[in-house]
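This report refers to the structure that appears directly beneath it.
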Amino acid sequence: MHFMNVLIVGYGNMGKEIEKILAERNHRVVARIDPVASDADAVALTAGVTKGADTAIEFSLASGVLQNAYFYSKAGIRAVVGTTGWADKLAEVKALFDGGGAFIHGSNFSIGAHLFIGLAQAASAVISNLPQYDIMMYEIHHKNKKDSPSGTALETAARILKANKNKKRIVTERLDRRPEPDELHVASVRGGAEPGQHCVIIDSIADTVEIRHRARSRAGFALGAVLAAEWLQKKQGFFTVEDFMIDIGIKGATP
Ligand SMILES: NC(=O)c1ccc[n+]([C@@H]2O[C@H](COP(=O)([O-])OP(=O)(O)OC[C@H]3O[C@@H](n4cnc5c(N)ncnc54)[C@H](O)[C@@H]3O)[C@@H](O)[C@H]2O)c1
């Protein structure tokens, strides 16, 4: 295996998980970058502090993603970005890697979560021709999560819609009415320390089938991000986490 020299960008909960997985897999941490964390090595990316790094793994805040991506593209550093909430900057970031470099991003780097999404999509395709069955979903996350529904819930919902001819729209708000037959209802619950739970329910008068992914900790996200960084070593271009998952065999089901 090619050993990586890594910058940990964002030294919060995920940055610390990433550090553990890098150590287990014998990669070297060049520096930990974080404007706030007191145990980081530097507050910002600079040529001096990033010297010797070939790869960055970033789980930080959306506000810094574009500026950091600009740095990676100029410095020729491969980047894995798990930060969420910067869809409005996607085109600008992508353009930075048109001429070279390697960048992969995604709102969920957990391999198990992608297996879940693939299974949900396959089940949605099957019930497309079974009018007895309806489909819906909910997700639960800890009390500090700032957005809802989760990126993973929205991705799962989009894949359910893609596979099912009866469902045309996602509704995430509280319903003070009956749902329309073409609506997929996605509910969010917030509280406690839950690292992330997603459940798709397929329901008929006779029975219920549940497909559930439940993260036990952040370790699964961190492992997926480090594996994606290893995968990226031989690549050039702009990728999503789905490209990586498909490449390692988690294809999901396309109807
Ligand atoms: N893609 C995934 O699989 C996945 C999994 C978990 C969390 N996330 C996302 O990752 C991000 C971080 O999550 P977390 O739980 O570690 O949050 P956290 O708040 O514990 O850590 C984020 C850290 O980033 C730092 N930071 C802010 N701006 C920065 C910048 N410009 N450069 C470097 N560091 C900066 C903050 O000071 C903080 O220490 C969030 O957007 C979260 O939604 C993604």
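These numbers were taken from a predicted model, which means no experiment stands behind them. Order of listing sets the numbers, starting from 1, for every ligand and every atom in it.
Protein heavy atom at the shortest distance from atom 9 (C) of ligand 1 is G82 O, 3.6 Å. Closest to atom 39 (O) of ligand 1, if we only count protein heavy atoms, is D34 OD2, 2.6 Å. The shortest contact between atom 20 (O) of ligand 1 and any protein heavy atom is with N13 N, 2.9 Å. Counting only heavy atoms of the protein, atom 30 (C) of ligand 1 lies nearest to P35 CD, 4.0 Å. Scanning all protein heavy atoms for the shortest distance to atom 41 (O) of ligand 1 gives T84 N, 3.1 Å. Protein heavy atom nearest atom 21 (O) of ligand 1, with residue, atom name and distance: G12 CA, 3.3 Å. Protein heavy atom at the shortest distance from atom 4 (C) of ligand 1 is F59 CE2, 3.5 Å. With hydrogens left out, the protein atom closest to atom 13 (O) of ligand 1 is M14 CG, 4.1 Å, a heavy atom.
Between K145 and E139 there is no salt bridge, since no side-chain N of the basic residue sits under 4.0 Å from a carboxylate O of the acidic one. Salt-bridge check for E194 with K143: failed, with every basic side-chain N at 4.0 Å or more from each acidic carboxylate O. Using a 4.0 Å cut-off between a side-chain N of Lys or Arg and a carboxylate O of Asp or Glu, K89 and E92 do not qualify as a salt bridge. A salt bridge between K167 and D134 is present, with a side-chain N of the basic residue lying under 4.0 Å from a carboxylate O of the acidic one. Salt bridge status for E230 with R78: absent, with no side-chain N to carboxylate O gap under 4.0 Å.
Those atoms of ligand 1 that come under 4.0 Å of a heavy atom in N108, given as number and element, are 1 (N), 2 (C), 3 (O). Within ligand 1, counting atoms from 1 as listed, the ones closer than 4.0 Å to a heavy atom of G64 are 31 (N). Of all atoms in ligand 1, numbered sequentially from 1 with element shown, those under 4.0 Å from a heavy atom of T83 are 10 (O), 41 (O). If you number the atoms of ligand 1 from 1 as listed, the ones under 4.0 Å from a heavy atom of I33 come out as 33 (C), 34 (N). The atoms of ligand 1 that sit less than 4.0 Å from any heavy atom of V36 are 37 (O). Close approach to F109 involves these atoms of ligand 1, each under 4.0 Å from a residue heavy atom: 1 (N), 2 (C), 3 (O).
Ring geometry, W86 versus F103: the interplanar angle exceeds 60°, so the pair is classed perpendicular (tilted spans 30 to 60°). Ring planes of H213 and F116: tilted class, angle from 30 to 60°. The aromatic rings of H105 and F238 sit tilted, their planes meeting at an angle between 30° and 60°.
Counted within 6.0 Å of CZ on R174, heavy atoms from surrounding residues, nucleotides or ligands total 12 or fewer; the atom is thus considered open.
At least one heavy atom of S107 sits closer than 4.0 Å to an atom of ligand 1. Using a non-hydrogen distance threshold of 4.0 Å, A37 does not register as a contact of ligand 1. Taking 4.0 Å as the cut-off, N68 counts as a neighbour of ligand 1 on heavy-atom distance.
A donor-acceptor contact closer than 3.5 angstrom links the side chains of H198 and S150. Side-chain contact, D207 with Y133: a donor N or O sits under 3.5 Å from an acceptor N or O.
When distances from atom 17 (O) of ligand 1 to the protein are checked, no heavy atom turns up under 4.0 Å. There is a protein heavy atom less than 4.0 angstrom from atom 43 (O) of ligand 1.
The shortest N/O to N/O separation between F221 and ligand 1 does not fall below 3.5 Å.
Residue contacts with ligand 1 for L45 are absent, since no atom lies close enough (heavy atoms, distance under 4.0 Å). Neither the backbone nor the side chain of A44 comes within 4.0 Å of ligand 1, counting heavy atoms alone. Both the backbone and the side chain of S60 come within contact range of ligand 1, each with a heavy atom under 4.0 Å.
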Inset, instruction - Decide side chain to side chain donor-acceptor pair (under 3.5 Å) for N68 and E58; before the verdict, give the C-alpha distance in whole Å, the side-chain angles of both, and the deciding distance to 0.1 Å. - result: CA-CA 9 Å; N68 290 348; E58 175 171 334; 3.3 Å; yes

Legend entry - Evaluation steps, side chain to side chain donor-acceptor pair (under 3.5 Å), between T55 and Q233: CA-CA 8 Å; T55 307; Q233 300 304 307; 3.0 Å; yes

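The shortest side-chain heavy-atom distance between I135 and I201 does not fall under the 4.5 Å cut-off.
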